[in-house]
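In what follows, a structure is listed as C-alpha cells, so that the remarks can point back to it.
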Amino acid sequence: QIRDLTFLIKNYCLTELYLNNNELTDISGALKHLCSLQILFLHNNELKKLGKTVKELKGMISLQTLNLFQNPLAYDPDYRLYVIYFLPSVQLLDRKLVTQRERESALHLYNPKRAWVMQSIAFGKRVDTDTSLGTTVGSSRGTQPARRPIMPSVLKWFGTVQVTDLLCSFCRVPFQDPEDAVLVRATTRSLMEFSSVDWNKVATCQERRLKNKAEEPLEKLTVQFR
C-alpha cells in the first residue's frame with residue numbers, strides 16, 4: 001500500500017528496486033537520483049502519466065529491466081515504443097525482450113529525421129559539403145578537386161532552414177547520445193553522387209571515321225542526394 005517514495009531520497013547506491021503491487025500514482029522527483037539502478041519493478045500500480053514517468057527514469061543509464069505493466073499508462077497506444085525510445089538502456093521491458101525491430105520502429109516514430117539520415121548514409125562516394133575546401137572525397141582513392149561547390153546544391157535540395165535546424169539541434173558537446181554524433185557526421189559529409197550520359201548521342205568510332213553522324217554536345221547529368 002505504498003503511495004509515497006520520499007523515504008528513498010538518500011538511497012543513491014540501489015541497483016534493484018521492487019515497488020510492484022502498491023498504490024503509487026506519481027514517482028516524480030523520487031527516483032531520478034538512482035543512477036545505478038539496474039532492475040526496477042513498478043507494475044500493478046496507479047501510474048497514469050507516461051511522459052512524466054519516463055522522464056523520471058531517463059537518468060538511469062544502467063537500467064536494464066523495467067516493469068510498468070498493469071498501470072493505466074500501459075494502455076497508451078504507443079506505450080512500448082515510447083519507453084524503448086526514451087529509455088534505450090532497457091533490454092527487458094514488461095518481461096519481454098526488446099528487439100532490434102522495435103528499436104527501429106521507435107526511432108522511426110519519435111525521430112523520423114534521424115532514422116532517415118541513418119538509413120541513407122552513403123556507402124559509395126562521399127561529398128564533402130565544406131565550401132571553403134570544395135573537395136570530393138572518394139571512399140578509398142584519396143581526394144580529387146570538385147568541379148563546383150557542393151553546399152549550394154545541398155541547400156537548394158533540402159532548404160536552408162531545414163539543414164540549419166537539423167545541424168543546430170545536435171550541436172551539443174559532448175553528445176548525450178552517440179547516435180547524435182553519427183547524425184551530425186552524416187548530415188555534413190554523406191552525399192551520394194551519380195553521373196550518367198546519353199550514349200545514343202555519342203558517335204561510335206566507325207561513325208566518327210565515316211562522319212555519318214553529326215557531333216552533338218555531350219550532356220552529362222549528375223544527381224546528388226543523401
Side-chain angles (χ1 to χ4, degrees), residues 1-119 121 166 169-187:
Q1 298 179 346
I2 295 177
R3 298 182 181 181
D4 184 15
L5 298 179
T6 54
F7 62 90
L8 290 172
I9 292 178
K10 296 183 180 180
N11 297 84
Y12 292 96
C13 298
L14 287 179
T15 57
E16 300 182 17
L17 184 56
Y18 302 89
L19 292 169
N20 49 297
N21 303 319
N22 283 292
E23 298 180 6
L24 297 172
T25 58
D26 188 7
I27 61 172
S28 299
L31 301 179
K32 60 183 178 182
H33 61 287
L34 302 177
C35 298
S36 300
L37 209 59
Q38 298 177 15
I39 299 176
L40 177 60
F41 285 3
L42 285 169
H43 57 277
N44 196 19
N45 277 283
E46 298 297 327
L47 300 174
K48 299 178 181 179
K49 297 182 179 180
L50 179 60
K52 208 171 181 181
T53 301
V54 171
K55 183 179 179 181
E56 183 70 16
L57 308 180
K58 275 187 177 181
M60 300 179 184
I61 58 176
S62 301
L63 188 61
Q64 298 180 4
T65 302
L66 175 64
N67 282 351
L68 288 172
F69 63 91
Q70 291 183 350
N71 279 285
L73 56 78
Y75 295 100
D76 188 286
D78 298 318
Y79 149 74
R80 185 172 175 86
L81 293 182
Y82 185 90
V83 176
I84 290 172
Y85 177 75
F86 288 101
L87 301 177
S89 65
V90 174
Q91 299 177 11
L92 188 66
L93 176 60
D94 293 344
R95 301 175 180 174
K96 183 179 178 182
L97 283 173
V98 176
T99 65
Q100 183 61 31
R101 177 171 293 184
E102 286 179 318
R103 294 192 188 280
E104 293 173 358
S105 299
L107 184 63
H108 278 283
L109 181 61
Y110 292 103
N111 199 334
K113 189 174 291 186
R114 178 191 290 177
W116 173 76
V117 171
M118 293 185 67
Q119 281 188 341
I121 292 179
L166 181 61
S169 62
F170 292 98
C171 291
R172 301 190 300 271
V173 179
F175 295 103
Q176 295 179 0
D177 189 336
E179 291 184 358
D180 291 348
V182 175
L183 177 62
V184 172
R185 181 174 181 180
T187 55

Exercise. Decide yes or no on side chain to side chain contact (heavy atoms under 4.5 Å, CB included) for L14 and L8, but give the supporting numbers first.
Key: CA-CA 9 Å; L14 287 179; L8 290 172; 4.1 Å; yes

Quiz item: From T15 OG1 over to L40 CG, what is the distance, rounded to the nearest 0.5 angstrom?
Solution: 11.5 Å

Quiz item: Could you give the distance from CD (E16) to OG (S36), rounded to the nearest 0.5 Å?
Solution: 12.0 Å

Quiz item: Got a second to check how far Y12's OH is from L37's CG, nearest 0.5 Å?
Solution: 14.5 Å

Quiz item: Can you find a pair of side-chain heavy atoms, one from T53 and one from V83, that are under 4.5 Å apart?
Solution: no

Quiz item: Checking D26 side chain against S28 main chain: does a donor-acceptor pair fall under 3.5 Å?
Solution: yes

Quiz item: How about L31 and L17: do any of their side-chain heavy atoms sit closer than 4.5 Å?
Solution: yes

Quiz item: In Å, rounded to the nearest 0.5 Å, how long is the span from CZ of F69 to CG of L42?
Solution: 10.5 Å

Quiz item: What salt bridge (Lys or Arg N to Asp or Glu O under 4.0 Å) pairs are there with at least one residue in residues 79-108, not counting sequence neighbours?
Solution: R80-E102

Quiz item: Heavy-atom distance under 4.5 Å between the side chains of L93 and L87, does that happen here?
Solution: no

Practice problem: For the pair E56 (side chain) and K32 (backbone), establish whether a donor and an acceptor sit closer than 3.5 Å, ignoring hydrogens and angles. | Solution: yes

Quiz item: Looking only at heavy atoms, what is the nearest atom pair of K49 and L73, with distance?
Solution: O-CD2, 4.1 Å

Self-check item: Side chain proximity check, I84 to Y110, heavy atoms < 4.5 angstrom
Solution: no

Practice problem: Return yes if some donor-acceptor pair links the side-chain N/O of N67 with the main-chain N/O of H43 below 3.5 Å, else return no. | Solution: no

Self-check item: F7 atom CZ, neighbour heavy-atom count above 12 within 6.0 Å
Solution: yes

Could you list the donor-acceptor pairs under 3.5 angstrom formed by side chains in residues 58-66, with sequence neighbours left out?
none

Quiz item: Counting distance only, does the side-chain N/O of N45 pair as donor-acceptor with the main-chain N or O of L19 below 3.5 Å?
Solution: yes

Quiz item: Do the non-hydrogen side-chain atoms of N111 and K113 ever get within less than 4.5 Å of each other?
Solution: yes

Quiz item: Okay, side chain of D4, backbone of T6: is any donor-acceptor separation there less than 3.5 Å?
Solution: yes

Quiz prompt | Side-chain heavy-atom pair L50, Y82 within 4.5 angstrom cut-off | solution = yes

Quiz item: Please walk me through it: do N44 and N20 pass side chain to side chain donor-acceptor pair (under 3.5 Å)?
Solution: CA-CA 6 Å; N44 196 19; N20 49 297; over 6 Å; no

Quiz item: Nearest 0.5 Å, what's the CZ-CG distance between F41 and N21?
Solution: 10.5 Å

Quiz item: If you take all heavy atoms of A74 and L68, which pair is closest and at what distance?
Solution: CB-O, 3.9 Å

Quiz item: Is any side-chain heavy atom of Y18 closer than 4.5 Å to a side-chain heavy atom of I39?
Solution: yes

